[in-house]
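To start, the structure under review is shown below, and the notes come after it.
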Amino acid sequence: MKFGKKLILWYLENKRSMPWRETRDPYSIWLSEIILQQTRVAQGLPYYLSFKSAFPTVFDLAAAPEEKVLKLWQGLGYYSRARNLHATAKYVADELGGTFPDSYASLLLLKGVGDYTASAIASICYDEAVPVVDGNVYRVLSRYLGVATPINTTQGVKEFKQLAKALLEVKEPATYNQAIMEFGALQCKPQSPDCTQCVLDSDCVALKEKKVGELPVKLKKQKIKKRYFSYLIIQTNEETILQQRTGKGIWQGLYEFPLVETSAPISYEELKKASVFTELLGAQTYELSLYKEEAVIHKLSHQHLYTWFYVVQVQCLPLLSAPHQKVRLSDVERYPVPILIGNFIEAFF
DNA sequence: AAAGCGGGGCG
DNA sequence: CGCCCAGCTTT
């Protein structure tokens, strides 16, 4: 039997039940696809449910304040997805009357929608015969066909896209695309797949050549940078100071406490010399305590953040200018913050 | 073509 | 501790 037919039969028997598999509504499919980019189903599922609950339609999402969208997204990471999600919702609601684009080419023009997501929506919602190539598909195809071209190179992307297109079941792209991805997630797993229980075992090149553990090939990994953050929790009995991250870099749009970043760990004495420190505290007297002696280490894919939280108790806050803003202590938890900050807030407040 | 962007789960 | 996850955008 043909590759695609086998996958579809396997899928109909083994697929997991998921809320976005109960519909072909483009808004729901689009939402699920954005949430699931570089994200496991188990991690994304609760976010999908809360977004659907808070924003049942694209109009609800479009009408929401950006902060509310970021707050709901808090903890999911890759926050540009949330900002692009919101921008696209506004575009679809305001410019397209709430109707999503209905082809691969037109979907590709939406912010936050790349080749994979456009293909997924076009095939699942509109039966367009376009192949999806996500992490699962790379793995299944490289093993099944024994292709060792590195998947994170221009050549690899091009080659696997072509292979995916050649193997696509053009009569039922919606089912086939979901089948190959589900097969990659459940059967042809990254680590220790059970090839003795595989419906493709008779034709799998990697299995035949004992190369399952070597495929797919992925080039190097970037070096991890270390950064040193000293946060200032400057507070009275009622208020503290937050700032919003803008510009480039991590956590765009999220909030944090006033930050002193240095190229190496610093002492309290050195911290006191920071301009932000004098700007926010002036000459007034204060009580300062280090929340925790050891650095809190927060790991991102490509950065390790060594973090200290300095709590500064003061009588009153100075007049603040952007980006700093006064926030009532009881309101701190309303702001969208990175997990690093959220964990501190939870433990400290 | 390469870098940047989160957080969590698993062996 | 390294790898990977229903990738996209910017440089």
Side-chain angles (χ1 to χ4, degrees), chain A residues 11 15-16 18-21 28-48 70 73-85 87-88 107-124 131-140 150-158 160-161 164 174 176-186 188-193 213 216-225 227 245 247-254 297-305 336-343:
Chain A
Y11 177 66
K15 69 177 178 183
R16 293 166 291 182
M18 298 188 210
W20 50 85
R21 289 201 171 136
S28 301
I29 299 300
W30 163 73
L31 177 61
S32 72
E33 292 298 345
I34 302 298
I35 287 176
L36 291 173
Q37 287 168 2
Q38 291 290 282
T39 304
R40 289 169 203 283
V41 168
Q43 188 185 4
L45 180 55
Y47 287 84
Y48 175 81
L70 279 172
W73 198 272
Q74 180 176 313
L76 197 52
Y78 286 147
Y79 296 94
S80 65
R81 289 186 292 170
R83 299 192 308 273
N84 288 333
L85 183 84
T88 292
L107 285 161
L108 200 49
L109 300 177
L110 300 176
K111 280 188 183 175
V113 175
D115 183 82
Y116 162 77
T117 304
S119 301
I121 300 172
S123 61
I124 293 172
V132 295
V133 185
D134 72 335
N136 294 304
V137 175
Y138 280 119
R139 191 167 54 254
V140 173
I151 61 176
N152 55 342
T153 60
T154 304
Q155 175 59 28
V157 169
K158 197 174 153 191
F160 280 97
K161 175 85 173 178
Y176 169 83
N177 276 340
Q178 294 185 80
I180 189 170
M181 289 191 284
E182 189 77 338
F183 184 80
L186 299 182
C188 198
K189 300 181 293 184
Q191 304 300 327
S192 53
V217 175
K218 197 170 182 179
L219 258 38
K220 66 175 180 287
K221 46 185 169 294
Q222 67 272 40
K223 191 173 185 305
I224 291 182
K225 289 177 189 165
R227 301 174 70 176
R245 288 186 75 95
K248 308 189 180 309
I250 59 174
W251 304 331
Q252 281 177 49
L254 301 194
I297 303 174
H298 186 72
K299 297 179 178 178
L300 288 68
S301 306
H302 48 294
Q303 301 180 19
H304 286 183
L305 311 180
V337 297
I339 285 295
L340 172 66
I341 302 298
N343 287 344

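Chain naming here is simple, since letters A, B, ... match the order of the sequence lines and numbering starts at 1 in each. Both backbone and side-chain heavy atoms feed into the values below; hydrogens, waters and symmetry mates do not.
With hydrogens and angles left out, the side chain of Arg21(A) and the base of dA6(C) share a donor-acceptor pair within 3.5 Å.
One can place CG of Leu186(A) at 13 Å from C1' of dC5(C), the figure rounded to the nearest angstrom. The CG atom of Leu85(A) sits 14 Å away from the P atom of dC8(C) (whole-angstrom rounding). Following rounding to the nearest Å, Asp115(A) (CG) and dA6(C) (C1') show an atom-to-atom distance of 13 Å. What separates CG of Asn84(A) from C1' of dG7(C) is a distance of 12 Å, to the nearest Å. Distance Met18(A) CE to dC5(C) C1': 13 Å, rounded to the nearest Å. Taking atom CG on Leu109(A) and atom P on dC8(C), their separation rounds to 14 Å, with Å as the unit. Counting to the nearest Å, the C1' atom of dT9(C) and the CD1 atom of Ile34(A) are 13 Å from each other. One interatomic measurement links the two molecules: CG of Leu110(A) to P of dG7(C), which rounds to 18 Å at whole-angstrom precision.
Comparing the C1' positions of dC5(C) and dG6(B) gives an interatomic distance of 12 Å, to the nearest angstrom. Comparing the P positions of dG11(B) and dA6(C) gives an interatomic distance of 15 Å, to the nearest angstrom.
Closest-nucleotide positions on DNA chain B for Gln191(A) and Gln155(A) were compared, and the one nearer the 5' end corresponds to Gln155(A). Ranked by how close their nearest DNA chain C nucleotide is to the 5' end, Arg16(A) and Lys111(A) are led by Arg16(A).
In this structure, Arg245(A) and Val337(A) have side chains that are not in contact, with every pair of non-hydrogen atoms separated by 4.5 Å or more.
Contact between the side-chain N/O atoms of Thr117(A) and the OP1/OP2 oxygens of dC8(C) is found at a separation under 4.0 Å. OP1 or OP2 of dC5(C) sits under 4.0 Å from a side-chain N or O of Arg139(A).
With sequence neighbours left out, the side-chain contact (heavy atoms from CB on, under 4.5 Å) criterion links Lys189(A) to no other residue. The ring-ring contact (aromatic ring centres under 6.0 Å, His included) test applied to Tyr48(A) returns Trp20(A), not counting sequence neighbours. With sequence neighbours excluded, the residues that form a ring-ring contact (aromatic ring centres under 6.0 Å, His included) with Phe183(A) are Trp10(A). Looking at residues two or more places apart in sequence or on another chain, you find no ring-ring contact (aromatic ring centres under 6.0 Å, His included) involving Tyr116(A). Scored by the salt bridge (charged side-chain N to carboxylate O under 4.0 Å, His left out) test, Lys111(A) finds no partners at all (sequence neighbours excluded).
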What does the list of N/O pairs under 3.5 Å between the protein and nucleotides 4-7 of chain B look like, with a distance for each?
| residue | atom | partner | partner atom | Å |
| --- | --- | --- | --- | --- |
| dG4(B) | OP1 | Lys225(A) | NZ | 3.1 |
| dC5(B) | OP1 | Ile250(A) | N | 3.2 |
| dC5(B) | OP2 | His302(A) | NE2 | 3.0 |
| dC5(B) | OP2 | Gln303(A) | NE2 | 2.8 |
| dC5(B) | N3 | Tyr78(A) | OH | 3.4 |
| dG6(B) | OP1 | Tyr79(A) | N | 3.3 |
| dG6(B) | OP2 | Trp251(A) | N | 2.5 |
| dG6(B) | O4' | Tyr78(A) | N | 2.8 |
| dG6(B) | N7 | Tyr78(A) | OH | 3.2 |
| dG6(B) | N7 | Ser301(A) | OG | 2.5 |
| dG6(B) | O6 | Tyr78(A) | OH | 3.1 |
| dG6(B) | N1 | Gln38(A) | O | 3.1 |
| dG6(B) | N2 | Gln38(A) | O | 3.3 |
| dG6(B) | N2 | Thr39(A) | OG1 | 3.3 |
| dG6(B) | N2 | Leu76(A) | O | 3.3 |
| dG7(B) | OP1 | Tyr79(A) | OH | 3.0 |
| dG7(B) | OP1 | Ile339(A) | N | 3.3 |
| dG7(B) | OP2 | Trp251(A) | NE1 | 3.3 |
| dG7(B) | OP2 | His298(A) | NE2 | 2.8 |
| dG7(B) | N2 | Gln43(A) | OE1 | 3.3 |

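Trp30(A) comes within contact range of no nucleotide atom at all, as no heavy-atom separation falls under 4.0 Å. Among the heavy atoms of the strands, none lies under 4.0 Å from Val132(A).
Below 30°, between 30° and 60°, or above 60°: for Trp251(A) and His298(A) the angle between ring planes is between 30° and 60°, a tilted geometry.
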